[in-house]
Amino acid sequence: MINTWVVQLKELNGQLRDSFSDGRLGDRFHRRELLERHIGPIRRMARLDTAELSRVLGGRPLVGVDGSVNTFGRQHPYYVDFFRAMAMPSQGEPLVRQDLYCPLTAPETPPVPPGAGEAEIRQARLAALEVEVAIAAVEQFRPRLLLMDGPLVRFDMRAQDLFRLLREKALEHDTLLIGCIENIESRVITTLLGDQAPAGWRGRYDRDILWDVLDYGEILQVNRPAKGREGEEGESLPHIRTWFMQASTTPGVVGLDMLEEQVPDAAGMVNYLFSLTPADGRGIPIWLDLVDRAVRLTDGEMTAYVELLDPAVRRLFASKRDARFF
């Protein structure tokens with residue numbers, strides 16, 4: 001019997017190799033030259049020593065913000081979402097915000113696009129909670145730098161009013177607001193190039209175009225914001241600038257979202273971010289890894305909280321799938 005998967009995987013392998021070939025995207029030298037001519041300079045970052053790291057923040061703290069969601073139950077509307085967001089300062093105790101959502105008792109939803117499914121609603125609630133704890137952190141800690149896990153565009157799209165307030169607070173208190181993006185789904189480069197984009201680049205994510213283009217320790221400083229289409233995540237907004245940093249030895253870059261008004265100060269912060277990023281890590285500052293670990297909602301923790309529900313109530317959320325004996 002022919003194994004269909006083996007045949008299909010061989011075909012997929014060839015298709016992917018062709019998709020990322022020099023013939024489609026251009027060789028590394030050509031891509032670097034085109035990016036520097038039309039998008040912005042590629043410059044080398046420097047690792048700072050301990051004394052320099054302290055001077056960058058001017059005695060003020062660093063704060064990292066991340067969120068987590070876990071779900072008890074499976075089928076709509078018989079589930080409970082557990083949300084947690086955390087702002088972890090380099091000086092002081094973390095701030096934590098928690099929330100629950102069950103469609104059975106709270107059918108109202110936050111503002112989301114019409115026809116949004118459960119995943120979109122879930123992400124909107126999580127984004128709002130993360131922005132709420134970020135606002136509280138700016139007011140309480142007055143950090144010099146506030147790092148958020150994910151693109152600022154995500155928070156702007158899914159919690160617009162709250163993000164507008166966070167933006168105002170950050171500018172008021174001279175707090176640099178930067179979003180670190182591990183899984184890049186933006187098209188900043190092709191948006192900026194427009195009709196000048198090579199045929200092989202059109203419709204491609206920034207991650208594809210920049211794959212294995214930057215050397216370790218380099219950053220692509222995008223000269224102007226990409227005025228993307230309002231309402232589509234993955235497209236930049238006029239008041240957000242996205243740069244791309246190669247801070248680990250793997251070939252994929254990470255994105256750095258920053259407020260347009262803060263670009264000059266953010267330019268001086270990239271060496272700090274690079275210095276906080278392990279060379280053999282996933283390319284983002286280690287402080288966000290620490291926040292991610294602390295905020296993560298495990299199945300065991302969620303199950304312990306669910307035990308507070310009456311057994312008769314818990315049965316509402318049981319799935320027939322869970323009762324299978326094979």
Side-chain angles (χ1 to χ4, degrees), residues 12 14-45 150-157 167 177-248 250-271 273-274 283-284:
L12 177 63
Q15 292 165 356
L16 290 175
R17 286 174 63 90
D18 178 65
S19 179
F20 283 85
S21 67
D22 289 352
R24 287 291 185 93
L25 293 175
D27 62 34
R28 191 171 188 269
F29 174 82
H30 172 73
R31 276 185 275 173
R32 287 177 67 95
E33 191 274 333
L34 193 61
L35 289 168
E36 290 205 273
R37 182 164 17 113
H38 295 289
I39 302 301
I42 296 173
R43 74 172 179 86
R44 179 157 294 281
M45 299 176 288
L152 297 185
V153 173
R154 167 189 163 227
F155 301 107
D156 197 352
M157 294 291 192
R167 183 168 173 266
L177 180 60
I178 296 179
C180 294
I181 314 156
E182 181 182 5
N183 298 312
I184 297 172
E185 297 180 351
S186 60
R187 295 186 177 92
V188 170
I189 292 171
T190 53
T191 299
L192 288 173
L193 287 174
D195 294 338
Q196 293 179 305
W201 291 21
R202 292 170 190 170
R204 302 294 287 263
Y205 291 130
D206 297 317
R207 178 183 181 182
D208 301 345
I209 295 168
L210 292 169
W211 187 262
D212 204 22
V213 166
L214 300 183
D215 291 329
Y216 170 65
E218 288 187 331
I219 188 166
L220 172 61
Q221 296 185 177
V222 179
N223 278 336
R224 61 191 191 279
K227 298 182 180 181
R229 291 162 287 181
E230 293 288 343
E232 292 188 26
E233 191 172 351
E235 301 290 347
S236 293
L237 298 174
H239 53 274
I240 293 174
R241 185 89 64 96
T242 306
W243 290 4
F244 300 98
M245 177 174 70
Q246 184 70 57
S248 68
T250 56
V253 299
V254 299
L256 298 177
D257 273 2
M258 59 197 73
L259 300 180
E260 184 64 23
E261 299 94 329
Q262 295 184 333
V263 167
D265 287 338
M269 192 61 69
V270 294
N271 289 335
L273 297 176
F274 177 53
I284 67 172

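The first residue in the sequence is number 1, and the count goes up from there. Every heavy atom of this structure was used, including side-chain atoms; hydrogens, water molecules and symmetry mates were not.
Every residue two or more places apart in sequence or in another chain that forms a side chain to side chain contact (heavy atoms under 4.5 Å, CB included) with E33 is listed here: R37. In this structure E36 satisfies the salt bridge (Lys or Arg N to Asp or Glu O under 4.0 Å) test with no other residue, sequence neighbours excluded.
Residue Q262 comes nearest to L177 through the heavy atom pair OE1-N, 3.0 Å, listed as atom of the first residue, atom of the second, then distance. The two residues G252 and Q246 make their nearest non-hydrogen contact at O-NE2, 3.4 Å. Scanning all heavy atoms of the two residues, the minimum distance from V254 to I184 falls at C-CD1, 3.7 Å. The two residues T250 and S248 make their nearest non-hydrogen contact at OG1-OG, 2.9 Å. V270 approaches I219 most closely through the heavy-atom pair CG1-CD1, 3.5 Å.
Although no hydrogens or angles enter the test, the distance criterion places no donor-acceptor pair under 3.5 Å between the side chain of R24 and the main chain of G200. Under the 3.5 Å distance criterion, the side-chain polar atoms of D206 are matched with a main-chain donor or acceptor of V188. Under the 3.5 Å distance criterion, the side-chain polar atoms of W243 are left unmatched by any main-chain donor or acceptor of G255.
Salt-bridge check for D215 with R28: passed, with a basic side-chain N closer than 4.0 Å to an acidic carboxylate O.
The salt bridge (charged side-chain N to carboxylate O under 4.0 Å, His left out) analysis of residues 191-202, with sequence neighbours excluded, yields no pairs.
The distance from atom CG of D257 to atom CD1 of I178, rounded to the nearest 0.5 Å, is 9.5 Å. In this structure, the separation between CG on L152 and CD1 on I181 is 7.0 Å, given to the nearest 0.5 Å.
No option in H239, R167, R241 other than R167 meets the side-chain hydrogen bond (donor to acceptor under 3.5 Å, both in side chains) test with E261.
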